[in-house]
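Every chain is numbered from 1 and lettered A, B, ... according to where its sequence line falls, protein lines coming before strand lines.
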Amino acid sequence: MSDLQGSWLERELESHGVSRREFLQFCAAMTSVLALPDSLAAAVAQAVERTPKPILVWLEFQDCAGNTESFLRASRPTAAEIVLDTLSVDYHETIMAAAGHQAEAALTKTVAEKSGGYIAVVEGSIPTAAGGAYCTIGGRAAIDIAREVCGKAAATIAIGTCAAFGGLPAASPNPTGALGVADAVPGLKNLINLPACPANVENLTALVVYYLAFKRLPPLDAYHRPLFAYGKAIHDNCERRAHFDAGQYVEQWGDEGHRTGYCLYKMGCKGPVTYQNCPNVRWNGGTNWPIGCGHPCIGCAEPDFWDKMTPFYRHLPGIPGFGIGTTVDQVGVGAVIAVGAAFAGHGVISMIRRRSDIERMQRGPQPAGPAAGTPPDETGGAKGGRS
Amino acid sequence: MSAAIAAPKLVRVYVWEWPVRITHWLIATSIILCSATGLYLGNPFLIVTGPAGAHFVMGWAKVIHFYGAIVFALSVLSRIVWMFIGNTYARWDKFLPIPKKRRAGFMPTLYFYTFRLRKPPGFVGHNPVAGATYTLVFCLLLAMIVTGVAIYSGSAAVGSVLHPFRFLIPLVGGLQTARWIHHVVMWLLLGFLVHHVYSAVLMSQVEGNGTLESIFSGYKFVPPEDLVYSGYRFVDRNDVP
Ligand code: SF4
C-alpha cells in the first residue's frame with residue numbers, strides 16, 4: 001500500500017476512520033454506476049487516490065438548493081463523503097463559512113489563480129430578462145458570473161434540471177427569461193448536464209470519480225448528459241416492467257393493483273420517456289425511489305419537463321383550446337364522428353341530385369350547351385366548369 | 001321508366017399499377033392494425049389478472065404495432081419512390097396542383113364537391129383536389145414515421161438499426177411531444193379514412209367509372225376523350241348524360 005503514502009485521500013480516509021477496504025468497495029460501487037467492467041475497479045481506486053485534490057466552486061442561481069441537499073446527503077458509502085467532502089470546495093454559498101464580500105473574494109481568488117484548473121458546478125437557472133436583474137449576487141448578474149466562472153473552468157457541471165435545461169423557473173410563461181447553462185453561456189467547453197429534480201448525488205459522485213480516474217469527461221448524449229446515468233429510459237430498467245408487458249395497471253390510487261405493485265403507466269407514469277438510472281441507483285442511499293414506492297415518474301430529468309410532462313397524472317396532455325381535462329382521444333373520436341356526419345350529409349344530397357339527374361335524363365335530351373368531350377382551349381377548361 | 005339510357009362508350013384504362021395497389025392496401029391495413037393496437041398502447045383498457053409472468057397482453061400489442069409499423073414505413077417509402085418511376089397516374093406531379101392542367105381543374109373539382117357542378121372535370125387518375133389532399137396525407141404519414149422511429153429509437157438496443165435515430169428525439173421536441181404528435185396524427189388519419197372511403201364511393205357512383213373497383217383491379221372505365229384531354233372535360237349544369 002505504499003502508493004497510498006502521502007496522498008490527500010489517504011490522510012482524509014484515515015482521519016475519518018474509513019478503512020481501505022471500504023474505500024475499495026466504494027470504488028467498485030462507482031465502477032458499476034459508471035457501467036464499467038468490474039475488473040476496472042482497482043484501476044479506478046488507484047487513479048482516484050493518486051489524483052491531486054480537485055478544486056470546485058459551486059454557483060447557485062435561480063434554485064431551491066435541492067441539489068445542495070442531495071450533495072450533502074451523499075449517504076451510502078462513507079468513502080463517497082470523503083471524495084465529495086474533500087473536493088476542495090472553494091466557494092459554496094450554502095455551506096461555506098465565509099459570507100458577504102469575504103465569500104466573493106474567495107471566488108474571485110479561485111477564478112483568478114486557478115483559471116482553467118477548477119470545476120464549476122452550477123445549480124439553478126440563469127435569468128436573462130431585464131438585463132439579468134432577477135438574480136444578482138454581490139451586485140453582479142448571474143449571467144455575468146456564469147460567463148466568467150464557467151468560462152475559465154476546466155469543466156462545468158450543470159446540476160439539476162434548472163441548471164441543465166431551465167427547469168421550473170423557465171416553465172411557461174418564463175417571466176425571468178430563465179435559461180439553462182448551455183443556452184445562457186453558449187459554447188462552453190466540457191459542459192456536463194446532470195438533470196433531475198434534484199440530481200442524484202450518486203451520479204455526481206460517479207462523475208467526479210470518472211473525472212479523477214480518467215482525466216476526461218465520460219461519453220455524453222445529445223443533451224450533454226453522461227450516458228452511464230442517462231443512457232436508458234427509466235421504463236427499460238423498471239421493476240414494474242413485467243406488469244407493464246403483461247397489461248396489469250394501477251387503475252386508481254389505492255386499488256388492488258396499486259397495492260400489488262402493478263405498473264403506473266395509466267396513472268401518467270413518464271418512465272417511458274425519461275432517461276435516468278433511478279431504478280438502478282435509487283435514492284437516499286439506495287433506500288427506494290418514486291416508482292418503487294408507488295408514485296409514477298414525473299419525468300423531472302427531461303428538458304422542459306414542467307411544460308411537457310404535465311399533467312403529471314395523465315398519459316398525454318390534451319389539445320390546446322379544447323378545455324382542461326379533455327383528452328386527445330375524446331377530441332379525436334369527436335372529430336372522426338364529425339367527419340362521418342359531414343360526409344353522410346354530403347352523401348344524402350348527392351343521392352337526391354343523382355336521382356333528379358336520372359329523371360331529367362329519362363325526360364329526354366335538353367337543349368344543352370357545348371357537348372361533353374369538346375376539347376376547350378388551354379384557358380377554357382376551368383372557366384367552362386362554372387355553373 | 002322505359003326510356004333506355006344509351007350506355008356511354010367507355011374505354012378500359014390501366015391506371016393503378018400493381019405497386020400502387022399493393023402499397024395502398026399495405027398502408028391501409030397497417031394503419032388499421034397500428035391504430036387498433038395504438039389505441040390500446042395509449043390506454044390499455046383490458047383488465048389482466050393473475051401472475052405477471054403468465055400474460056403478455058401489452059407485449060403482444062407492441063409486437064403487432066411494431067411489425068405493422070415496419071410494413072407501414074416500407075410501404076409509404078416505396079410508394080414515394082414509385083412516384084418517380086411509376087406511370088403518369090402515379091407520378092409526384094399528380095399530388096401537387098402545380099402543372100397548368102391541374103391548377104385549372106382544381107376549382108371545378110371543388111365546385112363539384114360543393115354541389116355547384118353536376119359532374120367533376122374528367123381526370124382519369126387522382127383529380128387535383130384529391131391529389132392535393134394526398135400530399136397532406138403523405139405529410140401525416142411521414143410525421144407518423146418520424147415520430148414513431150424517434151420513440152422507438154429511445155428504447156432501441158445499442159446494436160439496433162434504429163438506435164442511431166435517437167438524433168431525431170430533440171428534433172421532434174422530445175419524446176413526450178413525439179408521443180402526442182403520434183397520437184393526434186392517428187386520429188387525423190382515422191378521420192381521413194372515413195372521408196376517403198366516402199369519396200371513393202361517391203366518385204364511383206357519380207362517374208360510374210369503376211373507381212372503387214380500380215384499387216383492386218387497377219382498371220378504370222373512362223370516356224375516351226378524358227384520356228386525351230384529361231381534366232379538360234367541359235362540364236356544366238346541363239352536362240348530364
Ligand atoms: S411504472 Fe412507469 S417506468 Fe415502470 S414499467 Fe410502468 S410505465 Fe414503465
Side-chain angles (χ1 to χ4, degrees), chain A residues 221-223 233 235-236 242-249 265-266 270 272-273 275 299 302-304 308-309 315-317 319 328-329 331-333 335-336 339-340 343 346-347 349-350 353-354 357 360-362 364 366 368-376 378-382 384-387, chain B residues 1 3 5 39 42-44 46 48-49 52-59 100-101 104-105 107-108 111 115-118 121 154-155 166-167 169-170 173-177 179-180 183-184 186-187 190-191 194-195 198 202 205-206 223 225 228-229 231-241:
Chain A
D221 72 2
Y223 293 113
H235 185 61
D236 292 331
H243 290 298
F244 174 86
D245 288 334
Q248 296 176 322
Y249 306 97
Y265 184 72
K266 288 178 84 171
K270 303 299 186 296
V273 290
Y275 289 77
E302 288 297 307
D304 311 313
K308 289 188 174 165
M309 297 299 181
H315 177 58
L316 284 178
I319 296 181
V328 173
D329 287 343
V331 177
V333 170
V336 170
V339 171
F343 285 110
H346 194 280
I349 300 175
S350 296
R353 283 169 66 93
R354 187 160 171 70
D357 284 352
R360 202 138 54 109
M361 212 156 56
Q362 286 166 342
Q366 304 275 315
T374 306
E378 283 288 297
T379 50
R386 282 174 203 273
S387 55
Chain B
M1 281 296 141
I5 301 164
L39 281 169
N43 178 25
L46 301 173
V48 179
T49 52
H55 305 285
F56 198 56
V57 179
M58 175 58 93
K100 199 165 188 178
K101 263 188 182 183
M107 289 317 287
Y111 292 147
F115 305 120
R116 292 176 61 186
L117 273 183
R118 286 276 157 176
S155 284
R166 283 190 177 200
F167 79 87
I169 297 175
L175 284 179
Q176 181 70 355
T177 306
R179 272 173 153 186
W180 186 86
H183 204 90
V184 169
M186 173 198 72
W187 282 113
L190 291 180
V194 172
H195 151 79
Y198 170 77
L202 174 79
Q205 283 287 307
V206 172
E225 62 270 18
V228 184
Y229 307 107
Y232 278 69
R233 181 167 7 126
F234 195 74
V235 278
D236 72 7
R237 217 167 242 295
N238 294 317
D239 180 22
V240 184

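Residue Y249(A) touches chain B through its side chain alone, counting heavy-atom pairs closer than 4.5 Å. With a 4.5 Å cut-off on non-hydrogen atoms, L46(B) touches chain A through its backbone but not through its side chain. Of the two parts of K266(A), only the side chain, counted from C-beta on, holds a non-hydrogen atom closer than 4.5 Å to a non-hydrogen atom of chain B. Heavy atoms of A242(A) lying under 4.5 Å from chain B belong to its backbone as well as its side chain. Residue P303(A): no heavy atom, backbone or side chain, is found under 4.5 Å from chain B. Proximity to chain B (any heavy atom under 4.5 Å) is shown, for V331(A), by neither the backbone nor the side chain. Interface remark: Y198(B) contributes side-chain atoms only to the contact with chain A (heavy atom separation under 4.5 Å). For chain A, the nearby part of T177(B) is the side chain; its heavy atoms alone come within less than 4.5 Å.
Put simply, of G191(B), P170(B), G174(B), the one with the most heavy-atom pairs under 4.5 Å next to chain A is P170(B). Contacts with chain A were tallied for R179(B), M186(B), H55(B), H195(B); R179(B) has the most, counting heavy-atom pairs under 4.5 Å. Ranked by non-hydrogen atom pairs under 4.5 Å with chain B, the options Q248(A), E302(A), M309(A), K308(A) are led by Q248(A). Comparing L316(A), D221(A), V336(A), I319(A) by heavy-atom pairs within less than 4.5 Å of chain B, the highest count is held by L316(A). Contact tally against chain B (heavy-atom pairs below 4.5 Å) for G347(A), P272(A), A222(A), G247(A): the top residue is G247(A).
Scanning both residues, S155(B) and D236(A), for their nearest heavy atoms gives OG-OD2, 2.6 Å. The two atoms that bring R166(B) and G154(B) nearest to each other are NH2-O, 2.9 Å, heavy atoms only. The two atoms that bring A52(B) and H243(A) nearest to each other are CB-ND1, 3.6 Å, heavy atoms only. The two residues K270(A) and G299(A) come nearest to each other via the heavy atoms CB-N, 3.8 Å. The heavy-atom pair separating L202(B) from S350(A) by the smallest distance is CD1-OG, 3.3 Å.
W187(B) contributes no side-chain N or O that, together with a main-chain N or O of A335(A), makes up a donor-acceptor pair within less than 3.5 Å.
Taking the six-membered ring for Trp, F115(B) and H346(A) have ring centres closer than 6.0 Å. Taking the six-membered ring where the residue is Trp, the centroids of H315(A) and Y265(A) are separated by under 6.0 Å.
Of the N and O atoms on the side chains of H183(B) and D329(A), at least one donor lies less than 3.5 Å from an acceptor on the other residue.
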